[in-house]
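Take a look at the structure below.
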Amino acid sequence: QVQLVESGGGLVQPGGSLRLSCAASGLDYNQYTMGWHRQAPGKQRELVATITSGLYANYADSVMGRFTISRDNTRNTMALQMNSLKPEDTAVYYCHADHHVSWLPDYWGQGTQVTVSS
């Protein structure tokens, strides 16, 4: 079955860096746009960044210039390099696989906690 497994979350101080990873299995990876979403306590889930199979990326304005999304289409992995972290980045971060055909299922990982605090 399809699995998306996030790793790399943790506790960092403001201004610090963290790298999240997502390992995908059980799907045709190149048929999916991959992305990261996050959900902070008391807030709705929001899109952080996406990257297509052709390696085109886009970002939420709130993380532009600080976060970098990447993917390895050979290893079926995706990463999010997070620099200059702020307390408002604190959230559970979820890996997402969105099929290019809209009516086919998409998939979510279990989430990994990122806490930015002094």
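Basis for what follows: all heavy atoms, side chains included, without hydrogens, waters or symmetry-related copies. The structure displayed is predicted, hence computed values, not measured ones.
- Remark: E88 CD to R38 CZ distance equals 8.0 Å, nearest 0.5 Å.
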- How far apart are the C-alpha atoms of N58 and T50, what are their side-chain angles, what is the distance that settles it, and do they pass the side chain to side chain donor-acceptor pair (under 3.5 Å) test? CA-CA 6 Å; N58 59 26; T50 62; 2.4 Å; yes
- For ring pair (Phe, Tyr, Trp, His ring centres under 6.0 Å), just list the numbers for Y94 and H37, CA-CA rounded to whole Å, side-chain angles, deciding distance to a tenth of an Å, and then say yes or no. CA-CA 5 Å; Y94 296 91; H37 295 65; 8.6 Å; no
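- A side-chain donor-acceptor contact under 3.5 Å links Q110 and E6.
- The two residues S7 and T112 have their closest heavy-atom pair at C-OG1, 4.4 Å.
- Under the 4.5 Å side-chain heavy-atom criterion for Ile, Leu, Val, Met, Phe, Trp and Tyr, L55 and Y29 are members of the same hydrophobic cluster.
- Closest of all the heavy-atom pairs between L4 and A24 is CD2-CB, 3.5 Å.
- The closest side-chain heavy-atom distance from S53 to H100 is below 4.5 Å.
- For the pair R71 and Y32, the NZ or CZ position fails the cation-pi test of under 6.0 Å to the six-membered ring centre and within 45 degrees of the ring normal.
- Here the side chains of V101 and W103 are in contact, with some heavy-atom distance below 4.5 Å.
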- Task: Given side chain to side chain contact (heavy atoms under 4.5 Å, CB included), test L85 with Q13 step by step and report yes or no.
- Result: CA-CA 8 Å; L85 283 161; Q13 294 185 356; over 6 Å; no
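- For the atom pair D89 CG and S117 OG, the distance stands at 12.5 Å (nearest 0.5 Å).
- Atoms OG and CG, on S21 and L80 in that order, are 9.5 Å from each other to the nearest 0.5 Å.
- In this model, no donor atom of one side chain and acceptor atom of the other lie less than 3.5 Å apart for T77 and D72.
- Using modelled atom types, no side-chain atom of T33 and backbone atom of T52 make a donor-acceptor pair closer than 3.5 Å.
- Here the side chains of P87 and P14 are in contact, with some heavy-atom distance below 4.5 Å.
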- Check the pair V48, Y93 against side chain to side chain contact (heavy atoms under 4.5 Å, CB included), reporting the backbone distance first and the verdict last. CA-CA 9 Å; V48 176; Y93 284 70; 4.2 Å; yes
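- H99 and P105 get closest at one heavy-atom pair: CB-O, 3.9 Å.
- Partners of F67 under the ring-ring contact (aromatic ring centres under 6.0 Å, His included) rule, at least two apart in sequence or in another chain, do not exist in this structure.
- At a threshold of 4.5 Å between side-chain heavy atoms, the hydrophobic network of Ile, Leu, Val, Met, Phe, Trp and Tyr places V2 and W108 in two separate groups.
- Atoms CH2 and CD, on W36 and E46 in that order, are 14.5 Å from each other to the nearest 0.5 Å.
- Residues V116 and K86 have side chains not in contact (no heavy-atom distance under 4.5 Å, counting atoms from C-beta outward).
- In the hydrophobic clustering of ILVMFWY residues, with side-chain heavy atoms under 4.5 Å counting as a link, L20 and M64 come out together.
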- Step by step, would you call V114 with L18 a side chain to side chain contact (heavy atoms under 4.5 Å, CB included)? CA-CA 9 Å; V114 172; L18 208 59; 4.0 Å; yes
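- Applying the disulfide bond (SG atoms under 2.5 Å apart) rule to pairs touching residues 69-118 yields C22-C95, sequence neighbours excluded.
- Linking Ile, Leu, Val, Met, Phe, Trp and Tyr residues whenever their side-chain heavy atoms come within less than 4.5 Å leaves V92 and Y107 in two separate clusters.
- A donor-acceptor pair under 3.5 Å is formed between the side chain of R66 and the backbone N or O of S84.
- A distance of 9.5 Å separates OG in S118 from CG in L11, rounded to the nearest 0.5 Å.
- The CG atom of L27 lies 7.0 Å from the CG atom of N76; values are rounded to the nearest 0.5 Å.
- Among M82, M34, M78, the one residue that satisfies the side-chain contact (heavy atoms from CB on, under 4.5 Å) test with I69 is M78.
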